[in-house]
Amino acid sequence: MALRTILGASLAALTIASPTPGGSKHSKSKFNWRSAKSLIAFGDSYTYVQGTLGHQNYSFIGDNFDLSFTPEELFSDRIVQNLTGTAEGGPNWVEFLTNCGVEDGLHDPRKCKIQLWNFAFAGANTVDDDDFTPLHHNYTVPFESQVDQFVSYGNPALESIKLSKRNALVAVWIGINDINDLSSLRGRNASFAPLYEQDQDYVFESVEKIYDLGYKNFLFMNLPPLDRRPGTQHVNASMVSSFNSIHAAHADAFQAKHRDATVLQFDVNSVLNNVLDNYQDYGLKNITNYCPGYNQPDILTNPEKYGCTELDTYFWYNSGHLTSRTHEIFTKELVEWLAKQC
Ligand SMILES: *[C@@H]1O[C@H](CO)[C@@H](O)[C@H](O)[C@H]1NC(C)=O
Ligand SMILES: *[C@@H]1O[C@H](CO)[C@@H](O)[C@H](O)[C@H]1NC(C)=O
Ligand SMILES: *[C@@H]1O[C@H](CO)[C@@H](O)[C@H](O)[C@H]1NC(C)=O
Ligand SMILES: *[C@@H]1O[C@H](CO)[C@@H](O)[C@H](O)[C@H]1NC(C)=O
Ligand SMILES: *[C@@H]1O[C@H](CO)[C@@H](O)[C@H](O)[C@H]1NC(C)=O
Ligand SMILES: *[C@@H]1O[C@H](CO)[C@@H](O)[C@H](O)[C@H]1NC(C)=O
């Protein structure tokens with residue numbers, strides 16, 4: 001079983017590791033994860049971390065009503081780690097990946113060996129468009145605005161401390177809300193592939209803006225197995241697979257267009273499907289449902305009160321999110337995979 005796990009993971013890595021001929025895997029890669037000094041993250045609730053200057057439960061800094069910040073504000077902001085510091089009930093993948101903000105309490109990103117600068121916003125779609133993917137709330141910062149915010153405020157602040165762009169990895173995990181919302185808004189009979197194409201056009205228009213600032217190293221995450229979520233299914237496996245192949249084609253095209261970029265595509269979908277198929281190997285007990293008391297203040301110490309086993313034995317944190325334990329499991333695979341990419 002252990003062997004199957006390893007095989008599953010390395011197969012997943014193999015299929016996706018070399019996006020283009022002469023792509024990241026075989027070219028004289030300029031980027032080496034072992035010498036990474038920072039992770040700059042964009043996305044939704046899977047990626048956001050709470051900041052002392054963030055919108056409570058949604059962001060590290062700011063919201064759609066106040067996107068601006070000064071360098072002094074950014075550098076006085078602290079990552080909050082506690083039960084409500086992420087949407088997962090504990091550290092999430094960007095915190096595990098950087099080891100920045102994993103312990104309970106407040107963390108200064110500049111004191112971390114790999115600094116974590118996080119502009120993800122919980123509930124984000126790629127774009128704000130009433131006819132495509134409307135905002136979840138009027139304060140929601142969609143991916144396109146996260147990037148504009150970074151262009152106007154984040155990058156100038158990081159330049160002011162001479163952050164090394166060569167040793168920075170830009171992480172983008174977006175689309176989870178998009179696929180759900182497109183399905184709810186368009187109805188299940190819609191023809192989804194053209195919508196996913198349009199969605200990825202939007203994603204990479206924004207990615208171009210980050211590239212234009214001089215960032216050359218990108219990590220893209222594909223959609224998790226949303227088709228295996230507890231509760232009502234908005235999407236099925238073929239929709240997720242279609243979305244992911246369209247996403248991969250756009251990431252490949254971005255790599256082909258920018259030969260000086262390192263474009264890493266992590267197939268988290270295969271890794272997580274493999275974890276679901278072999279969940280006992282990871283100490284998980286429950287992959288079909290979530291604990292109803294997941295957001296109660298005493299859930300970590302008294303799960304029995306809610307009829308649950310420990311939160312760490314669940315794959316799903318709630319109907320839409322993975323537990324912190326699941327983030328830890330896939331991030332371990334991600335770290336090993338990143339180490340092999342140069
Ligand atoms: C943040 O989320 C927690 C857990 O769901 C909730 O108890 C709290 O009221 C939320 N805070 C705000 C300001 O919405
Ligand atoms: C987590 O920290 C934030 C900010 O310090 C605080 O508002 C919130 O109540 C804390 N949540 C828990 C569950 O301790
Ligand atoms: C944002 O939405 C809330 C809830 O719908 C509403 O009460 C508030 O007035 C809105 N704020 C602005 C500035 O539009
Ligand atoms: C998945 O959903 C799409 C869109 O509703 C539908 O066309 C397709 O037949 C479904 N596929 C499966 C395997 O259920
Ligand atoms: C969706 O397609 C099914 C099967 O072809 C059909 O029965 C149903 O009426 C369609 N629904 C809508 C809203 O078009
Ligand atoms: C999974 O967790 C839910 C909620 O705690 C529970 O109702 C269900 O029986 C559990 N399933 C298994 C297989 O343990």
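Remember, it's 1-based here, ligands and their atoms both numbered in the order they're listed.
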Exercise check, heavy-atom protein proximity under 4.0 Å to [atom]:
atom: atom 5 (O) of ligand 3; result: no
atom: atom 14 (O) of ligand 3; result: yes
atom: atom 2 (O) of ligand 6; result: yes
atom: atom 9 (O) of ligand 2; result: no

Under a 4.0 Å N-O cut-off, is there an ion pair linking [X] with [Y]?
X: R325; Y: E88; result: no
X: R186; Y: D131; result: no
X: E205; Y: K209; result: no

Just jot down the ligand 2 atoms closer than 4.0 angstrom to any heavy atom of N82, in number order. 1 (C), 2 (O), 3 (C), 8 (C), 10 (C), 11 (N), 12 (C), 14 (O)
Should you measure from each heavy atom of Q56, which atoms of ligand 2 turn up under 4.0 Å away? 7 (O)
Is there a polar contact between ligand 6 and Y314, counting only N or O atoms under 3.5 Å apart? yes
Based purely on interatomic distance, does N286 place a nitrogen or oxygen under 3.5 Å from a nitrogen or oxygen of ligand 6? yes
What's the verdict on salt bridge (Lys or Arg N to Asp or Glu O under 4.0 Å) for E328 and K332, showing C-alpha distance, side-chain angles and the deciding distance? CA-CA 6 Å; E328 185 178 23; K332 188 166 177 282; over 6 Å; no
Suppose we measure from atom 11 (N) of ligand 3 to each protein heavy atom; which comes out shortest, and what is that distance? N138 ND2, 3.0 Å
Please state which protein non-hydrogen atom is closest to atom 7 (O) of ligand 6 and give its distance, to 0.1 Å? N289 ND2, 4.7 Å
Check for me whether R110 meets the cation-pi criterion with F75, that is, NZ or CZ under 6.0 Å from the six-membered ring centre and within 45 degrees of the ring axis. yes
Under the 6.0 Å and 45° cation-pi test, does K216 pair with Y211? yes
Taking the ring centre of each residue, are F204 and F220 less than 6.0 Å apart? yes
How does Y139 reach ligand 3, by side chain, by backbone, by both or by neither, if only non-hydrogen atoms under 4.0 Å count? neither
Distance filter under 4.0 Å to C308 heavy atoms, resulting ligand 6 atoms: 5 (O)
Dump the intermediate steps for side-chain hydrogen bond (donor to acceptor under 3.5 Å, both in side chains) on Q265 and D252, then the final yes or no. CA-CA 9 Å; Q265 300 181 54; D252 289 351; 2.7 Å; yes
